[in-house]
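This report concerns only the one structure given below.
Atom set for the values below is all heavy atoms of this structure, side chains included, hydrogens, waters and symmetry mates excluded.
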Amino acid sequence: MCGIVGIVGHSPVNQLLYDSLTLLQHRGQDAAGIVTCEDRKFFLRKNNGLVSDVFRAEHMMQLKGNMGIGHVRYPTAGCSSSAEAQPFYVNSPYGIAMAHNGNLTNAEELKAELYKDDLRHINTESDSEILLNIFAHELQNLNKLDVSADDVFTAISAVHKRCRGGYAVVATIVGKGVLAFRDPFGIRPVVYGSRDTEQGKEYMVASESVALHALGFKLERDLAPGEAIFIDQDGNFYHQQCAENTQHTPCIFEYVYFARPDSIIDDVSVYKARLRMGDTLVKKILAQRPEHDIDVVIPIPDTSRTSALEVAYHLGVKYREGFIKNRYIGRTFIMPGQTQRKKSVRQKLNAIDLEFKGKNVLLVDDSIVRGTTSKQIIQMARDAGANKVYMASAAPPVRYPNVYGIDMPSPREFIADGRSEEEIAREIGADWLIYQDLDALIEAVQKGNPALKHFDCSCFDSQYVTGDVTPEYLDHLEQLRSDSSKSKREHADNLAGIDLYSSQ
């Protein structure tokens, strides 16, 4: 999962891009990058680390120009040692920089095509570089000295025909403008907005609406599946549907975990969706345990707070903040490497003993993936004096890999793999465990926008909407995503003497 942003303004956009990336930092903590354009030149800064670590005053001063794009990275199949920060750049044709959120399911096939047929070299393991070169090749095939919005849309149409998977893309062409497009299934989110200034209208594209609102841009709408937009450097706006046979199936895990609660994705308030997840979850709790003995509901911060509030309200018990979070530790779900993940939990959370001692506690989390974090948190609750510790998940059991841009581990590393709910409860040390039903989760999100008829729920039901995910592909993905494989790659990179902190 990554965060993308693009801005065309009438004054320097470096600070706006920086601020946008800080607002999208929750989508990726591995690397950050910005490229701006002025006088037919790109100015690029990217590096591993958080936004605040990557950009210093001297870097910001060098990012000149009234248009640009930015990216925060979370490695989908790699690990934190991979120095593949975005945006990526190619000099032909015209000069193009691109940033991408998602995952191509036919990346290996495309990489071979680029080498054999398009005579293009791919220098990293990132499918974002593949996507950039596919677009560049299709634009170059038009064989034009200048490029128009129609030319951009023609090239994007060809990209959609060649590329499969989930992707939201932002790019900039030297001296021309900023473009953005979304995959034909609308799996990964992207929105655009505008604001009026004395010099004229300015436009912004971002993964989530929160970035627009915080910077004074009015949310116009989400990009439709397969749609592309192009804003030239003078602020003229163009849009076009560039894909055939589109089907709107946004990733439901955005609403469960990834997106900020103050964002609106595909006309659904993430906050309201999570409230409804709490409503449906508590109905199941009361159906199974109408005479419950729960004394207090405590969320596992931060994503589950909204759902936990509703659970406590309808149970008629107290809601308490039992864990205090260290704000300087990243999101453990997206941390590469199980050793680092385990170490981070104790550093990240500290229990308030008074809220646990002698009580029957219901812990509410947004989801349970590996279960290692849940196990440690339950033990922390017991160490703090809890009498009984129950666990509720606002999402169904995660049993299958996500192939569209979320770095879920090998299925064998899922706590739910091959286990019943009772077995999972024993494994994580809970006295009782309850999961949200998938139909209830879909209902909670869909109620915000009844026009959404389908969702990508593949990590819960193994139904891959693009229709091209084979057992062989899943086996390949498992080899890439297992913690042991990531550790081996990281060790190999270190032995090779790769400088993780080099930058352009």
Side-chain angles (χ1 to χ4, degrees), residues 256-257 261 274-326 332-333 342 344-398 414-416 419-438 440-441 444:
V256 170
Y257 175 79
R274 289 176 184 167
L275 282 176
R276 292 189 292 268
M277 289 176 205
D279 289 340
T280 53
L281 180 59
V282 76
K283 289 177 183 177
K284 186 175 181 181
I285 292 172
L286 289 171
Q288 291 193 10
R289 295 206 169 187
E291 304 298 326
H292 68 84
D293 59 352
I294 299 167
D295 297 315
V296 62
V297 171
I298 293 178
I300 297 174
D302 285 318
T303 322
S304 62
R305 280 197 176 103
T306 312
S307 297
L309 276 166
E310 285 296 285
V311 170
Y313 175 77
H314 290 290
L315 286 178
V317 303
K318 294 178 180 178
Y319 169 92
R320 289 290 184 266
E321 294 285 344
F323 295 104
I324 299 302
K325 184 177 180 180
N326 181 351
T332 52
F333 173 77
K342 286 181 178 179
S344 295
V345 175
R346 286 282 181 172
Q347 295 175 341
K348 178 181 178 180
L349 296 177
N350 187 53
I352 302 174
D353 292 2
L354 292 174
E355 298 298 343
F356 291 92
K357 194 169 184 179
K359 298 176 183 177
N360 297 332
V361 179
L362 175 64
L363 301 179
V364 178
D365 207 350
D366 54 78
S367 58
I368 302 172
V369 183
R370 292 174 176 87
T372 49
T373 298
S374 302
K375 186 174 184 177
Q376 291 184 71
I377 289 173
I378 289 169
Q379 187 58 51
M380 288 172 66
R382 295 197 187 282
D383 292 343
N387 179 38
K388 293 182 180 178
V389 182
Y390 307 130
M391 188 83 170
S393 169
V398 176
F414 292 146
I415 189 70
R419 293 187 177 97
S420 66
E421 290 188 18
E422 292 77 14
E423 290 170 331
I424 298 169
R426 287 196 296 271
E427 185 70 21
I428 64 177
D431 293 294
W432 178 60
L433 170 67
I434 190 166
Y435 281 98
Q436 182 90 267
D437 291 329
L438 181 55
L441 174 61

Heavy-atom closest pair, residues G322 and I298: N-CG2, 3.5 Å
Contact check, side chains of V317 and H292, non-hydrogen atoms, under 4.5 Å: yes
Heavy-atom check, side chain of N350 versus side chain of N326, under 4.5 Å: no
P301 backbone acceptor or donor facing R305 side chain under 3.5 Å: no
Shortest non-hydrogen contact between L354 and K359, atoms and distance: O-NZ, 3.6 Å
Side-chain touch T373/D365, heavy atoms, less than 4.5 angstrom: no
Distance (rounded to the nearest 0.5 Å) between I324 CD1 and K348 NZ: 13.5 Å
Side chains of D295 and K318 in contact at under 4.5 Å (non-hydrogen atoms): no
Residue pair K284 / E421: nearest heavy atoms and the distance that separates them: NZ-OE2, 4.3 Å
Exam field: side chain S307 to backbone R274, donor-acceptor pair closer than 3.5 Å: yes
Shortest non-hydrogen contact between I368 and S374, atoms and distance: CG2-OG, 3.7 Å
L363 to V361 - nearest heavy-atom pair and separation: CD2-CG1, 3.7 Å
Close side-chain approach of L349 and K325, heavy atoms under 4.5 Å: yes
Backbone N/O of A395 and side chain of S367: donor-acceptor pair under 3.5 Å: no
Any side-chain heavy-atom pair of F356 and R320 under 4.5 Å: no
Check: I300 and M391 side chains under 4.5 Å, non-hydrogen atoms: yes
Value rounded to 0.5 Å, distance of CZ in R419 from CZ in F414: 12.5 Å
N360 side-chain N/O to D293 backbone N/O, donor-acceptor pair under 3.5 Å: yes
Distance-only donor-acceptor pairs under 3.5 Å for side chains of residues 426-434, two or more places apart:
residue: D431; atom: OD2; partner: R382; partner atom: NH1; Å: 3.4
residue: D431; atom: OD2; partner: R382; partner atom: NH2; Å: 2.9
residue: D431; atom: OD2; partner: V389; partner atom: N; Å: 2.7

Evaluation steps, side-chain contact (heavy atoms from CB on, under 4.5 Å), between E321 and I352: CA-CA 8 Å; E321 294 285 344; I352 302 174; 5.6 Å; no
Interatomic spacing from CG in D383 to CD1 in I377 - rounded to 0.5 Å: 12.5 Å
For Y435 against P397, the heavy-atom pair lying closest together: CD2-N, 3.5 Å
More than 12 heavy atoms from other groups under 6.0 Å of OH on Y313: no
Close side-chain approach of T280 to Q436, heavy-atom, < 4.5 Å: yes
